[in-house]
J.: 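The structure is given below, and queries will be raised subsequently.
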Amino acid sequence: MALLVVNRVYNNNTVLVDVGQKDQAIVQGKGVGFQKRHGDNILPTQVERIFYLNTNEAKQRFGTLLKDVPIDITMTSFAIIEMAKQTFHYPVLDYIYVTLTDHIAQTYKHIMAGKYQRSTVPDISAKYPTEYAIADKAVEMINHDLNVHFPRDAAQPIALHFINANGTENAEETKKIDQTDFGDNVNKIVKNVFREYGITRNITNQNYFDRLMIHLQYLVARLQTDEEDKRVLNQDIESDFQKLYPKSYRIASEICEKIQKRLQIKLNDNELIYFVIHIQRLIQEK
């Protein structure tokens with residue numbers, strides 16, 4: 001392992017280090033950051049985990065997460081993803097770093113506040129045994145690393161995150177589409193419509209893109225359980241959005257129409273409005 005030089009100490013157990021002249025990494029280990037200052041060296045024997053930030057996108061993704069999520073939760077999420085890659089040889093798309101971290105952070109917050117509610121995601125472990133095995137291991141890691149108690153059913157939505165993010169970056173098709181699977185169909189419809197309008201995930205909109213992926217996962221969960229979003233929005237919002245953001249409204253309407261036709265379901269008006277909001281952020285329609 002190359003010489004590790006302290007760049008920033010997050011806490012006693014987590015440190016940002018410079019590796020060589022160009023690369024950076026996050027290292028974790030018991031007491032690895034204790035009484036360390038900028039420029040100090042860290043012994044490789046102190047390091048239990050290391051995550052290399054060797055691309056600009058990786059550095060920006062990590063920095064974006066730290067604005068909203070505590071470092072310990074972020075690192076636990078990253079460790080889960082690396083576990084899936086290394087132990088299960090499971091390929092994932094990059095947006096899972098944001099979506100999974102956000103999900104774990106929100107669940108942690110609800111548990112600590114005594115507001116956790118049992119997951120409504122249906123049990124599809126027989127169809128996705130690998131993803132559920134990853135999720136079971138993830139819950140063990142969360143409880144160990146964060147000194148919290150995620151109940152066993154918390155593994156189900158984590159499995160859904162891996163199901164939706166399965167694939168290889170830059171591949172034309174990330175996986176075969178199963179006509180009976182809601183998640184696959186919804187994601188494919190959104191990506192195909194985005195492709196028609198030239199909407200891609202890039203360094204400028206990546207945070208908004210990843211937030212949309214989070215929304216899609218919860219939409220899929222609601223569709224699979226026939227749970228309807230019962231929040232009541234102002235009836236004038238839809239017509240106002242149609243006037244203010246005509247392109248975003250057109251794209252959102254096309255997505256909703258194709259989802260309804262493909263899955264033989266009826267989406268309520270709220271879903272259209274949510275899609276408009278997300279798409280407007282993506283394309284920055286004025």
Side-chain angles (χ1 to χ4, degrees), residues 1-2 4 13-17 19-20 23-29 32 44 47-66 69 71-105 107-108 121 124-125 127-146 150 154-176 178 181 183-184 187 191 201 203 206-207 209-210 213-214 216-217:
M1 185 181 292
L4 306 177
N13 304 315
T14 309
V15 179
L16 172 66
V17 297
V19 185
D23 290 339
Q24 289 185 323
I26 305 296
V27 296
Q28 284 190 305
V32 71
V47 176
E48 298 172 10
R49 290 176 181 165
I50 184 166
F51 303 92
Y52 289 97
L53 305 175
N54 48 14
T55 66
N56 288 332
E57 183 176 359
K59 292 175 183 176
Q60 183 169 355
R61 180 172 61 223
F62 185 76
T64 298
L65 286 169
L66 285 188
V69 181
I71 181 69
D72 289 346
I73 294 178
T74 299
M75 296 312 300
T76 297
S77 177
F78 279 30
I80 289 169
I81 296 168
E82 291 305 310
M83 173 272 295
K85 290 179 178 180
Q86 299 299 323
T87 304
F88 291 87
H89 307 290
Y90 193 87
V92 291
L93 300 173
D94 278 349
Y95 69 75
I96 195 174
Y97 283 93
V98 174
T99 58
L100 181 63
T101 304
D102 186 86
H103 170 77
I104 293 173
T107 305
Y108 179 90
V121 176
I124 48 177
S125 56
K127 187 174 182 180
Y128 296 101
T130 300
E131 289 85 352
Y132 270 73
I134 292 171
D136 284 337
K137 181 63 177 176
V139 170
E140 290 181 16
M141 294 172 65
I142 291 168
N143 289 340
H144 177 270
D145 292 2
L146 303 179
F150 272 41
Q156 290 181 223
I158 291 176
L160 182 62
H161 279 272
F162 279 96
I163 292 169
N164 286 343
N166 175 236
T168 305
E169 293 292 342
N170 300 322
E172 183 176 351
E173 291 291 339
T174 60
K175 60 183 188 173
K176 294 180 180 179
D178 181 342
D181 184 70
D184 287 344
N187 286 338
K191 290 176 182 177
R201 183 180 184 275
I203 197 168
Q206 61 184 0
N207 195 33
F209 194 98
D210 295 339
M213 298 311 298
I214 294 172
L216 287 183
Q217 291 173 3

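Note that these values count all heavy atoms, side chains included, but never hydrogens, waters or copies made by symmetry. Numbers for residues simply follow the sequence, beginning at 1.
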J.: How many angstroms lie between OG in Ser125 and CD in Gln156, if you round to the nearest 0.5 Å?
T.: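 Here the rounded value is 7.5 Å.
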J.: Using the salt bridge (charged side-chain N to carboxylate O under 4.0 Å, His left out) rule, collect all pairs that involve residues 72-83, keeping only residues at least two apart or in two chains.
T.: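 Checked against salt bridge (charged side-chain N to carboxylate O under 4.0 Å, His left out) - neighbours excluded - the pairs reaching residues 72-83 are Glu82-Lys85.
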J.: Distance check, rounded to the nearest 0.5 Å: Thr101 atom OG1 versus Ile81 atom CD1?
T.: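 Spacing of OG1 (Thr101) from CD1 (Ile81) equals 5.5 Å.
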J.: Could you measure the distance from the CG atom of Asp102 to the CD1 atom of Ile96? Nearest 0.5 Å is fine.
T.: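 One finds 12.5 Å between CG of Asp102 and CD1 of Ile96.
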J.: With side-chain contact (heavy atoms from CB on, under 4.5 Å) as the criterion, how do Phe88 and Met83 come out once you've worked through the C-alpha distance, each side chain's angles and the decisive distance to 0.1 Å?
T.: CA-CA 7 Å; Phe88 291 87; Met83 173 272 295; 3.6 Å; yes
J.: Which distance, rounded to the nearest 0.5 Å, do you find between the CD1 of Ile158 and the CD1 of Ile104?
T.: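 Reported to 0.5 Å precision, the distance equals 5.5 Å.
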J.: Could you go through Leu53 and Asp23, starting from their C-alpha distance and side-chain angles, then the distance that decides it, and tell me whether this counts as side-chain contact (heavy atoms from CB on, under 4.5 Å)?
T.: CA-CA 7 Å; Leu53 305 175; Asp23 290 339; over 6 Å; no
J.: To the nearest 0.5 Å, tell me how far Arg49 CZ sits from Met75 CE.
T.: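 Separation between the atoms: 8.0 Å.
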J.: Would you say Gln24 and Tyr52 make side-chain contact, with heavy atoms under 4.5 Å?
T.: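 When only atoms from C-beta onward are counted, Tyr52 and Gln24 do not touch, as no gap falls below 4.5 Å.
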J.: Are side-chain heavy atoms of Phe162 and Leu100 found at a separation under 4.5 Å?
T.: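 They are in contact (side-chain heavy atoms under 4.5 Å apart), so the answer is yes.
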J.: Is any side-chain heavy atom of Leu4 less than 4.5 Å from a side-chain heavy atom of Val47?
T.: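 Yes. Closest side-chain heavy atoms under 4.5 Å.
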J.: If I take atom CD1 from residue Ile50 and atom CD from residue Gln28, how far apart are they, to the nearest 0.5 angstrom?
T.: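 Taking CD1 in Ile50 and CD in Gln28, the distance rounds to 11.0 Å.
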J.: Would you please test Ile80 and Ile142 for side-chain contact (heavy atoms from CB on, under 4.5 Å) and show each step?
T.: CA-CA 9 Å; Ile80 289 169; Ile142 291 168; 3.7 Å; yes
J.: Specify the closest pair of heavy atoms between Ala135 and Ala155, including all atoms of both residues, with the distance to one decimal.
T.: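 The pair with the smallest heavy-atom distance is CB-O, 3.1 Å.
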J.: Are Thr14 and Val27 side-chain neighbours, meaning at least one heavy-atom pair lies under 4.5 Å?
T.: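 No, every pair of side-chain atoms sits at 4.5 Å or beyond.
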J.: Backbone N or O of Pro91 within a donor-acceptor pair of the Asn166 side chain at under 3.5 Å?
T.: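 Yes, Asn166 side chain to Pro91 backbone: donor-acceptor pair under 3.5 Å.
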